[in-house]
Amino acid sequence: MTPPKNTRIARFPHLRQDFAASLVVFLVALPLCVGVAVASGVPAELGLVTGIVGGIVTGLMRGSSLQVSGPAAGLTVLVFEAMREFGLPALGVIVLATGALQIAMGALGLGRYFRAISVSVVEGMLAGIGLVLIAGQLYALVGAKAPDSGPEKIAGLPAALVAALGSPGASASLALGAGTVAVLVLWKRLPATVRTVPGPLAAVGLATLAALLLDLPVATVEVHGLLGSIQPPPLSAFGDLAGVGLLGTIVAFTLIASAESLFSAAAVDRLHDGPRTEYDRELVAQGAGNVLCGLLGALPMTAVIVRSAANVQAGARTKASRVLHGVWLLLFAALLPGALAYIPIPALAGILVHAGAKLVPLRAIASLWREHRGEALILVVTAVSIVAVSMFEGVLIGLALAVAKTAWEASHLRLEVVDKGAGPVQAHLSGNATFLRLPKILDSLEALPQDRPVELNLTGLHHLDHACRTALESWARQHSAAGTEPVRVMEPVRASAV
C-alpha cells in the first residue's frame, strides 16, 4: 500500500529541494570526475567510481551535511606522480592506506587539529598544485606529452606552444581547449536563465559538439567500460608498503586529502545556516570512502569546494542531495559509458587549466603582502617548493617556515637599560625570553659597563626558557667576577622554566 502523500512529506520535508540540487551537482561533477581521471593518467571511469563512492558512501555518513566528495583537481598532480613511480596496481594500496589512516585519525579525535594548520601553507599548497596542474594540462591542450618534473614542464612550455602552431592537429586541439577556458570564464557573465546549466558541463558540451560538427582531429576519451576499469589491487602490491617511498606518498596523500577536506568543510559551513561540521566524523567518512576507493582501484577522494558550493547554492537542505548525485553518476556510468568516448581531451584539459588557475590565490597574496608579509612569503615559498621539488617536500618546507615564523614572533623580547650615571645600571627584560633571542640578549648585556653594578629585572618576562636562564646566570657570574658587586637578579613571577 502506498503511503499517503502527507506522510512522505513529513519523512522527507526537503526532498524537492534536495532532488533539484542533486541534479545540479551531478552536472557539475560529471565533467570534473572524467577530467581529473584523464589528467591523473587512469581510465576515465575510475573518476566516476570515486564520484559514486563519494556521493553514496561518504554522503550517507555523518560529518558535514552539505559537503560533496569526489576526485579533486588538488590531488591530480600527486596521483600522476604516484602512477608514474609505482604504477596503477599500487594506487589502490596507497588510497586504501590513506583511508585507513584517516579513519584512525578521526577515531583518535585528530580531525579538529587540522584547523590548526597555517592557512598560508594550505593556500601555498593549493597554489603549487594549481601551477603544476596548469603547466601539465597546457601540454594536453596541444596534444603533447608533458615532462615529468615541474621545472621541466614550465621551461618546455614555450617550445611546445610554438610547435603546436605549426601543426594543424595541435592547433585545432589548442583552439578547442582555449575555447573551453573562454566559455568557463565568460559563463558567469551570461543571463541567469542560461547559467542554469553548470559552466563545466556547458563548456565540455559545446567543445564536444564543435569537435563533431567540424570533424576536428583531436584526441577523445578512451572508454574501457565501468567493470573493465575497476582493478582491485593484487596482494603482491601490498608488499610495496615496506618501501619508504610508498610510505612517504601515503603520508602526503593523507595530509593533503584530509587538510583539503576539512578546510573545505569550514568554507561550506560559512555558506549555510544548517548543522555545523563534526570534524572527526567527517574525517572518518572521508577515510571510509577512500578505503572503498582503494579496494576498487579508483582515485582518492576529498571534499570538493566547487561541487559543495554548487550544492548549497542550488538549495540543498540535507545529505540526500549528495547521495542522489552519486546515484545519478552510477546510472550514467552504467547506462551511458559510451558517451564518454565523444568528449575531446583538450576540453577536459581546459576544464583543469581553469580549475588550476582558481587554486592560485593572486588576490590573497596581494592582500597578505600588504598586511602580513611573513604569511605571504610562506605561501609563495610553499608554492614554489612544490613546483621545484615535489608535493611532499614542498608542504614540509611550508610547515617548517610557518613553525619558525610562529616561534620567532612568540619570542618577542624587549631590553630596556636605565643608567642614571650613579648607582647600579638597571636592565629590564620583558616579553618572552627564548633561545631564539639569546644572541641579542647577550650582546646587549655584555655591552654594559664592566665596572658598574647591575640590577637585572626579569619580572616583566612571561616566559623564560632553560637556555636563556642558564645563559643569564653564566653572564651574571662573569660580570660579577670582574670585581664589581654581584649582579642583583629579580626573578620573574609568572615565568616558566623549561
Side-chain angles (χ1 to χ4, degrees), residues 72 74-75 77-78 98 101-102 105 108-133 150 248-267 269-270 277 279-280 282-283 286 302-303 305 356 358-413 431-440 462-463 465 467-468 498:
L75 286 177
V77 176
L78 199 58
T98 296
L101 281 177
Q102 287 179 311
M105 289 191 300
L108 293 172
L110 301 180
R112 60 186 180 275
Y113 290 106
F114 274 87
R115 291 179 289 176
I117 296 177
S118 168
V119 175
S120 297
V121 174
V122 175
E123 289 185 342
M125 174 191 76
L126 295 177
I129 291 170
L131 291 173
V132 177
L133 186 61
T249 301
I250 291 169
V251 172
F253 269 72
T254 304
L255 293 178
I256 293 170
S258 302
E260 189 170 345
S261 294
L262 298 182
F263 271 89
S264 173
D269 280 350
R270 292 195 292 268
T277 298
Y279 287 89
D280 294 328
E282 178 63 18
L283 194 55
Q286 295 292 327
T302 71
I305 188 62
K358 291 167 70 175
L359 292 176
V360 182
L362 294 178
R363 291 183 181 178
I365 294 173
S367 176
L368 278 176
W369 185 254
R370 289 192 299 268
E371 301 173 9
H372 306 284
R373 293 196 174 185
E375 295 294 330
L377 183 64
I378 291 172
L379 192 159
V380 172
V381 170
T382 303
V384 172
S385 300
I386 287 173
V387 174
V389 188
S390 72
M391 177 78 63
F392 189 50
E393 285 84 352
V395 172
L396 290 180
I397 290 171
L399 288 173
L401 277 177
V403 171
K405 174 180 175 291
T406 301
W408 181 259
E409 291 178 345
S411 63
H412 177 73
L413 182 67
N432 296 298
T434 70
F435 69 93
L436 294 173
R437 303 284 184 170
L438 196 51
K440 180 180 178 181
H462 303 298
H463 176 75
D465 72 7
C468 275
V498 179

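As a basis for the values below, the full set of heavy atoms in this structure was taken, side chains included, without hydrogen atoms, waters or symmetry mates. Everything quoted here is computed from the prediction, not taken from an experiment.
Taken from CG in L255 to OG1 in T98, the straight-line distance is 9.5 Å, to the nearest 0.5 Å. Atom OG of S120 is separated from atom NE2 of H372 by 9.0 Å, given to the nearest 0.5 angstrom. Rounding to the nearest 0.5 Å places CG of D280 at 9.0 Å from CG of L108. Here the straight-line distance linking atom CG of L283 with atom OG1 of T277 works out to 12.0 Å at 0.5 Å rounding. Rounding to the nearest 0.5 angstrom, the gap separating the CG atom in L396 from the CG atom in L401 is 11.5 Å.
Each salt bridge (charged side-chain N to carboxylate O under 4.0 Å, His left out) pair with one or both residues in residues 252-262, not counting sequence neighbours, would appear here, but there are none.
Residues V387 and L131 come closest through the heavy atom pair CG2-CB, 3.9 Å. Counting all heavy atoms, side chain and backbone alike, L379 lies closest to P361 at CD1-CG, 4.3 Å. Of all non-hydrogen atoms in Y279 and A265, the two that sit nearest each other are CE2-CB, 4.4 Å. The two residues A402 and I378 make their nearest non-hydrogen contact at CA-CD1, 3.7 Å.
When side chains are defined from C-beta on, L377 does not count as touching K405, because their heavy atoms never get closer than 4.5 Å. In this structure, the side chains of I397 and V381 come closer than 4.5 Å at one or more pairs of heavy atoms.
For the side-chain hydrogen bond (donor to acceptor under 3.5 Å, both in side chains) test, residues two or more places apart in sequence or in another chain that qualify with S258 are Q102.
Between the S261 side chain and the T302 main chain, no donor and acceptor come within less than 3.5 Å of each other.
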